[in-house]
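Report on the following structure.
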Amino acid sequence: MADPATYRPRPGEIPTDPGVYRFRDAEGRVIYVGKAKSLRQRLNSYFADLAGLHERTRRMVTTAAGVDWTVVGTEVEALALEYTWIKEFDPRFNVKYRDDKSYPWLAVTVGEEYPRVQVMRGAQRKGVRYFGPYGHAWAIRDTVDTLLRVFPMRSCSGGVFRRARAIGRPCLLGDIGKCAAPCVGRVDADEHRDIVEDFMSFMGGQTAGFTRELERKMRDAAGKQEYELAAKYRDDLGALNRVLEKQTVVLGDGTDADVLGFELDPLEVAVQIFNVRGGRIRGQRGWVADRADDAPLPELVERAVMALYQDAAPAGIPREVLVPAVPADVEALESLLAELRGGPVTLRVPQRGDKKRLLETVGQNAKQVMARHKLKRAGDLTARSQALEEIQETLGLPTAPLRIECYDISNLQGTEIVASMVVFEDGLPRKSEYRRFTIRHEGQSDVAAMHEVITRRFERLLKARAEGADASGIDPETGKPKKFAYAPALVVVDGGPPQVAAAQQAMDELGISDVALCGLAKRLEEVWVPDDEDPVIMPRTSEGLYLLQRVRDEAHRFAITHHRQRRSRSMVVSELDAVPGLGPTRIKALRKTFGSVKAMRQASVDELAAVPGIGPATAAAIHAALNDGDAQAASGTVAVNTATGEILED
């Protein structure tokens with residue numbers, strides 16, 4: 001582990017200009033790339049007191065052995081160079097948005113004499129008009145197959161086209177009317193290009209004119225009693241409507257925009273992109289990426305936008321990009337995108353209307369993608385087996401921990417302290433074994449609370465064993481499992497060394513020596529074991545770390561749920577509670593009329609009696625109680641919420 005002071009640049013050596021910097025390790029490999037408006041100000045922040053740095057930043061600067069930089073003219077140039085270097089060096093401490101595949105596009109080869117419609121992937125080429133991207137290639141083929149009956153343009157390969165021209169006979173699509181057959185001269189190049197232009201206009205969002213024209217032709221043909229022709233126009237109109245139904249209108253103003261949604265957790269980030277062209281959703285894609293650092297959402301948005309558009313063709317960059325958070329250097333990012341597109345690009349957070357609702361929808365999609373990603377990993381038997389083996393090897397356990405129990409503490413300012421116990425067997429949650437604890441220890445100490453809950457849990461285990469339950473937790477008399485009678489192979493506590501030490505002390509006091517123990521700290525996902533000064537660092541891609549994280553997160557969720565339920569049941573101490581005959585309905589009517597206890601205190605008996613349901617006698621009792629409340633307040637006794645400590649005098 002290097003000392004950053006050994007490679008810190010000399011004072012005044014770092015320029016104040018904008019630029020891009022690279023941290024390198026002892027072997028010269030680039031481990032982090034960043035940009036800055038002022039290189040001196042940014043780099044000096046890395047060499048401040050290490051205790052003040054974020055944990056992941058501290059790990060990066062102590063891993064590095066040197067830093068260099070390149071000065072550029074503007075922030076836009078810095079942004080472009082930063083992502084060029086990230087792509088080139090693949091630094092381990094930068095977030096890497098890696099698409100899981102190359103998304104397909106509907107492409108029209110407008111540069112050819114007889115343009116062809118087809119599915120294309122990969123880098124975009126010159127002389128090709130792209131529409132999309134789409135989530136699946138079959139969606140493109142289905143759309144094209146439907147539209148070819150209305151716009152019979154060429155869709156065959158070059159070999160098929162040349163062979164049909166050589167033999168003077170069109171392929172099957174020409175025979176069934178889904179190709180105008182330019183290969184055999186049924187239409188010339190100009191007529192075929194007119195068909196192609198109509199197809200591209202329809203795909204570009206100019207749909208109303210085509211549907212109106214088909215409706216007119218259908219009515220004219222029917223009026224002339226040309227019913228077969230009218231039926232053809234009817235079928236063509238139905239084909240267009242089927243395509244339009246699949247492309248839902250989400251923005252009534254016909255906006256071209258890309259909408260980005262994000263879902264974050266400590267290790268990964270899910271990104272979803274909806275491509276809206278002409279107000280309709282033309283495509284959807286996304287990915288789940290590892291988080292190499294704790295970059296905030298605005299920075300993750302900036303990186304995702306650059307990953308999307310740095311290699312895109314101008315036609316693939318929309319005029320508007322809707323995001324959940326605006327990056328700090330939004331002006332520079334917009335300028336760079338405008339250069340790539342050849343026109344203005346706006347990056348913004350919608351505040352109201354259809355665009356805001358669409359952004360929320362995309363965010364929900366990202367959340368679902370993250371949930372499916374986690375479920376897929378959790379449901380994979382091979383992955384679960386690998387995770388248990390990795391935990392066994394990392395912690396030096398004699399066998400794989402088939403039963404894992406995890407404990408978490410939840411409290412709010414020392415009130416309603418609760419704990420949760422969740423159980424995973426064979427890598428899957430066993431919710432029937434979950435337990436909740438209300439902590440009896442007074443104070444706000446999570447460490448003391450952890451000691452108490454571990455003590456109570458294993459006291460129940462020892463009691464069950466004393467009553468004759470076997471190692472599997474089965475009562476020999478009834479044949480049913482007893483609560484807390486099944487010993488875990490591994491106990492995981494949410495926290496670092498203090499929580500681990502408290503749990504170990506509780507187990508030692510009870511003589512529990514056959515259960516392994518570790519803690520998982522949230523900040524760096526470090527695994528702590530008893531009596532070790534340094535944590536165990538599991539690889540970020542480790543299935544074992546993923547399982548421990550999932551167990552910890554489930555314990556946290558279960559504890560928070562219990563905590564909220566207890567808070568909601570907490571009673572509010574109020575001066576009105578002591579008034580005889582004054583129940584919840586009448587109190588609600590009083591609060592609706594006066595708004596607060598303070599206003600009620602200032603009201604006369606007649607004003608109180610005017611409230612529906614409040615008679616003269618009750619009004620007098622309320623007035624007397626509130627006047628007594630003034631005396632109590634003067635002596636220091638006030639109404640409070642027992643769950644939060646909030647004073648409710650007003």
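Heavy atoms only: backbone and side chains are in, while hydrogens, waters and symmetry mates are out. Throughout, numbering of the chain's residues begins at 1 and tracks the sequence. Remember, predicted model here, so these are calculated numbers, not experimental data.
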Could you tell me if the side chain of L547 sits less than 4.5 Å from the side chain of I391, heavy atoms only? yes

Going by atom types alone, do Y407 and Q499 pair a side-chain donor with an acceptor below 3.5 Å? no

Hey, what do you get for CG (L461) to CZ (R456), rounding to the nearest 0.5 Å? 15.0 Å

Whether E390 side chain and E543 backbone form a donor-acceptor pair below 3.5 Å: yes

Give the minimum heavy-atom separation between L517 and M507, together with the two atoms involved. CD2-SD, 4.3 Å

Applying the side chain to side chain donor-acceptor pair (under 3.5 Å) criterion to D408, which one of R557, R552, H556 satisfies it? H556

Is the NZ or CZ atom of R457 positioned over F437's six-membered ring, under 6.0 angstrom from the centre and within 45° of the axis? no

Donor on one side chain, acceptor on other, Q368 and Q364, under 3.5 Å: no

When rounded to the nearest 0.5 angstrom, what distance separates CG in D329 from CG in L347? 11.5 Å

Please determine whether salt bridge (charged side-chain N to carboxylate O under 4.0 Å, His left out) holds for the pair E360 and K356, giving the CA-CA distance in whole Å, both sets of side-chain angles, and the decisive distance to 0.1 Å. CA-CA 6 Å; E360 293 171 351; K356 183 176 186 297; 2.7 Å; yes

Can you tell me how far CZ of R303 sits from CG of L333, rounded to the nearest 0.5 angstrom? 13.0 Å

Separation of L490 CG from T399 OG1 (nearest 0.5 Å): 10.5 Å

Please work out whether the ring planes of F23 and F47 are parallel, tilted or perpendicular, with thresholds of 30° and 60°. tilted

Between Q351 (side chain) and V349 (backbone), is there a donor-acceptor pair under 3.5 Å? yes

When you compare the side chains of Y21 and Y32, does any donor N or O come within less than 3.5 Å of an acceptor on the partner? no

Find the distance between CG (L520) and CG (L545) and round it off to the nearest 0.5 Å. 6.5 Å

Kindly say whether T361 contributes a backbone atom to a donor-acceptor pair with the side chain of N365 at under 3.5 angstrom? yes

With a 3.5 Å distance limit and no angle check, can you tell me whether R436 reaches the backbone of V418 through a side-chain donor-acceptor pair? no

D354/R357 ion pair, N-O < 4.0 Å: yes

Under the salt bridge (charged side-chain N to carboxylate O under 4.0 Å, His left out) rule, what do E405 and R403 come out as? Steps first, then yes or no, please. CA-CA 7 Å; E405 294 180 1; R403 179 183 172 99; 3.1 Å; yes

Assess whether a salt bridge exists between K35 and E302, defined as any Lys/Arg side-chain N lying under 4.0 Å from an Asp/Glu carboxylate O. yes

If you compare all heavy atoms of T455 against all heavy atoms of A506, which two are closest, and at what distance to 0.1 Å? OG1-CB, 3.3 Å

Checking side chain to side chain contact (heavy atoms under 4.5 Å, CB included) for the pair L395/C518: CA distance, chi angles, key distance, verdict? CA-CA 8 Å; L395 300 181; C518 73; 4.1 Å; yes

T438 and E452 have their tightest heavy-atom pair at O-OE2, 4.1 Å

All heavy atoms of S432 vs all of R435, minimum pair found to be O-NH1, 3.1 Å

Is the backbone of A366 close enough, under 3.5 Å, to the side chain of Q272 for a donor and an acceptor to pair up by distance? no

For a quick test of reading the model, state the closest non-hydrogen atom pair linking W528 to G496 and the distance between them. CD1-CA, 3.9 Å

Indicate the atoms forming the closest heavy-atom contact of V276 with D258, along with that distance. N-OD1, 4.3 Å

